[in-house]
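Report on the following structure.
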Amino acid sequence: MNYQAPVREMLFALQHIAGPGGVEPLDPDTARAVLEECARFSEGVIAPLNRPGDLHPATCQDGAVRPAPGFAEAYRAFVDGGWQGLQHPEAYGGQGLPRALAAACAEMFHGASLSFALCPMLTDGAIEALLTAGSDEQRRTWLPPLVAGEWTGTMNLTEPQAGSDLSQVRCRAERQDDGSYRLFGTKIYITYGDHDMAANIVHLVLARTPDAPAGVKGISLFLVPKFLLDADGRPGRRNDVRCVSLEHKLGIRASPTAVLQFGDGLPGSVADSAGAGARGWLVGQERQGLALMFIMMNAARFAVGMQGVAIGERASQQALAFARERVQGRAAGSDAPAGAPIVQHPDVRRMLLTMRALTEGPRLLALCAAAAADRAHAGQDPDAQALHEFLVPLVKGFATEAGNEVAALGVQVHGGMGFIEETGAAQHLRDARILTIYEGTTAIQANDLVGRKTLKDGGAAARRLLAAVAATEAELATAGEAGERMAQGLLPARQALADAVDFMLRTGPVDPAAAYGGAVPYLMLAGCTLAGWQLARSLLAATAQAAGGTNDPFLRARIDIALFYAAHILPRCAAWRSAILQGAPSLQADWLAA
Ligand SMILES: Cc1cc2nc3c(=O)[nH]c(=O)nc-3n(C[C@H](O)[C@H](O)[C@H](O)COP(=O)(O)OP(=O)(O)OC[C@H]3O[C@@H](n4cnc5c(N)ncnc54)[C@H](O)[C@@H]3O)c2cc1C
């Protein structure tokens, strides 16, 4: 099944919904041209690699990683097209386009192949970290080739004993007389930790100096290239870091997930002449590592949320195409003879509309978050940064949980064929499964939402958002029968979210176990309500355009999807509210820990 990038949906979202000003200062024609070109590239060059990559994953032999078939050629075309630099500053060779537009392009890359698009996604994170915390010299040296995509980036946090809890990081960094460091230790699960698609790999590594205190306060961030640079700034001598093995995975099988060993004296590397230890350079100050890593993680968390949207889009397209062709039975209430396509069965429509609604709502929410980042960057709106930061765990947590639900429904729509690998529906489900785990599990996002995003500012950002939802409800009241139906779904969801915010503020400081026991339901409630808010804005925009008398099926679909969400998805919020407010006592099942 081919992938078709949802260009019109994206343009509609960017122009009418993604927040005040849309994708300003970009004119709609330029936005359309970028999206259409990106669609051509994603559909024509990346998407055909998705299935072969699943069947023939990257391999590691004698420490050298060979990418999946076709990946190196496609990556070269990606670099030649200038796609890595879309949102990055022109000063370093990027195009300086709005993040909201770049996020839409990223969705296309991920929709075409999650495994492929992970490589540029991690490079984006490395670029963000260096832009924020790198020294002038580090930026001058490392950013231009990263922004061009000539070199790629990785994020090295995880170790066998340090997953969600990075205070356990043990990787060691020893200071040298020349100001550099030597790193020793093992990192696991490193995405694109090794490959030969680019001339160099820039690892950003969390490690601990020998005199550092225990816990997160002792962690520092280091830049460790695969190849050290020669006098002309070109990749030269091999550094003392190598891929020990690649993981065998449930999904995203074409993305090399590496175990990396730093500083064990790799033969033929710098270790031969100067002794073991991977050469690295401090980014920012010593012991600031985790704060800096958060910059990279936030960029990556947002991007993983877009992966949830992307896999939802691809699974939805495939399920709809199948449901229009597969003939089985007669639809309930229909007079037509037996032998109708299954899309006519009300329950299949319920599944297909759930898939569409749980893709479009999170997409709008994500683009709203990206537009807030653009406004914050432009200094136009004093609340924009807090809004963006509040939304990031929701985009990561809710959009990826939704992506999993959508991919699972995609299998169900296919019936038995969904369970058979040839259709590709099963691959979407397998690929989607990692999204709620890496870059912080849903629980870790939810803890962030409760602690840093709700309790820390006394609920200020949450309440501003609740007020914005209420303002949209007031607009819905003037939008005829569809507006009224939408408001009927949105109002109780907003009230449930307001109750949950009050509960967190009241309970968090006195009974953290009760508050954090409700953290994931709180994240789901907030994500679901705010995605519903964005769909309500989509309904308003579509209704206003349709009022001109056009009978455009695209606008009709926007209204139908929003109304379906109001009737079928928003009622889930009442259940999450109840679990948050009343669920804590039933979590005290002490026998579990026995
Ligand atoms: C394919 C793949 C690619 C990856 N890519 C990278 C990469 O490029 N770079 C990198 O550094 N890492 C990477 N990772 C690692 C990934 O980020 C971690 O697997 C993830 O953060 C979870 O850590 P863990 O596996 O140790 O699980 P654990 O931390 O052991 O978690 C196990 C369970 O306990 C729960 N839990 C743990 N702590 C808490 C808490 N405080 N509150 C509530 N629940 C909690 C979790 O939610 C989870 O359900 C990757 C992993 C995979 C599988």
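Ligands are counted one by one from 1 in listed order, and the atoms in each one are counted from 1 as well.
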TODO: Using a strict 4.0 Å cut-off to heavy atoms of N447, name the atoms of ligand 1 that fall inside it.
DONE: 40 (C), 41 (N), 42 (N), 43 (C)
Task: Partners meeting ring-ring contact (aromatic ring centres under 6.0 Å, His included) with W151 (sequence neighbours left out) - done: W142
TODO: For atom 34 (O) of ligand 1, state whether the nearest protein heavy atom is under 4.0 Å away.
DONE: no
Open item on the list: Using a 4.0 Å heavy-atom cut-off, which part of K187 comes near ligand 1: side chain, backbone, both, or neither?
Closed with: neither
Open item on the list: Can you confirm, on distance only, whether ligand 1 has an N/O atom lying under 3.5 Å from any N/O atom belonging to Y189?
Closed with: yes
TODO: Around atom 26 (O) of ligand 1, find the nearest protein heavy atom and jot down its residue, atom name and distance.
DONE: G163 CA, 3.1 Å
Task: Atoms of ligand 1 close to K249 [distance to a heavy atom under 4.0 angstrom, numbered from 1] - done: 1 (C)
TODO: State plainly whether the residues E128 and R99 are in salt-bridge range, i.e. N to O under 4.0 Å.
DONE: yes
Open item on the list: Looking at T400, is its backbone amide N or carbonyl O close enough to the side chain of N404 to form a donor-acceptor pair, meaning the two atoms are under 3.5 Å apart?
Closed with: yes
TODO: Indicate whether atom 42 (N) of ligand 1 is within a distance of less than 4.0 angstrom of some protein heavy atom.
DONE: yes
TODO: Keeping to residues at least two apart or across chains, list the side-chain hydrogen bond (donor to acceptor under 3.5 Å, both in side chains) pairs with something in residues 197-207.
DONE: T154-H203
Open item on the list: Can you confirm whether some protein heavy atom lies under 4.0 Å from atom 30 (O) of ligand 1, or whether none does?
Closed with: no
- [ ] Look at K187 together with E159 and state whether they make a salt bridge at an N to O cut-off of under 4.0 Å.
- [x] yes
TODO: Answer yes when R430 and E421 have at least one side-chain N-carboxylate O distance shorter than 4.0 Å, and no when they do not.
DONE: yes
- [ ] Return yes or no for this condition: an N or O of D165 is under 3.5 Å from an N or O of ligand 1.
- [x] no
Open item on the list: Just to confirm my output: which protein heavy-atom neighbour is closest to atom 39 (C) of ligand 1, and how far is it?
Closed with: I444 CD1, 3.8 Å
Open item on the list: Give me the nearest non-hydrogen protein atom to atom 38 (N) of ligand 1 as residue plus atom name, then the distance to 0.1 Å.
Closed with: S164 CB, 3.7 Å
Task: Salt-bridge present (E150, R76; N to O < 4.0 Å) - done: yes
TODO: Looking only at protein heavy atoms, identify the closest one to atom 15 (C) of ligand 1 and say how far it is in Å.
DONE: T158 OG1, 3.2 Å
Task: Parallel, tilted or perpendicular: rings of Y75 and F116 (30°, 60°) - done: tilted
TODO: Pick one of side chain, backbone, both or neither for how I434 approaches ligand 1, counting any non-hydrogen atom pair under 4.0 Å.
DONE: side chain
Open item on the list: I'd like to check which ligand 1 atoms, numbered from 1 as shown, lie under 4.0 Å from a non-hydrogen atom of E439.
Closed with: 17 (O)
TODO: Would you verify whether the NZ or CZ of R175 falls within 45 degrees of the ring axis of Y181 while also being under 6.0 Å from that six-membered ring's centre?
DONE: no
Task: Numbering as shown, the atoms of ligand 1 that approach M155 to under 4.0 Å (heavy-atom distance) - done: 7 (C), 8 (O), 9 (N), 10 (C), 11 (O)
Open item on the list: Pairing donors with acceptors under 3.5 angstrom, does anything connect the side chains of D124 and H88?
Closed with: yes
- [ ] Using heavy-atom distances, let me know which of T441, T442, I252 sits nearest atom 47 (O) of ligand 1.
- [x] T441
TODO: Among all protein heavy atoms, pick the one closest to atom 11 (O) of ligand 1 and tell me residue, atom and distance.
DONE: L157 N, 2.8 Å
Task: Steps toward ring-ring contact (aromatic ring centres under 6.0 Å, His included) verdict (F109, F78) - done: CA-CA 10 Å; F109 300 138; F78 178 89; 5.3 Å; yes
Task: Shortest heavy-atom approach to atom 20 (C) of ligand 1 - which of I437, L250, L206, L118 - done: I437
Task: Ligand-residue contact atoms, ligand 1 with A443, heavy atoms, under 4.0 Å - done: 43 (C), 44 (N), 47 (O)
Task: T191 neighbourhood, listing ligand 1 atoms whose heavy-atom distance to it stays under 4.0 Å - done: 3 (C), 4 (C), 5 (N), 6 (C), 7 (C), 8 (O)
Open item on the list: Between R242 and D264, does any side-chain N to carboxylate O distance fall below 4.0 Å?
Closed with: yes
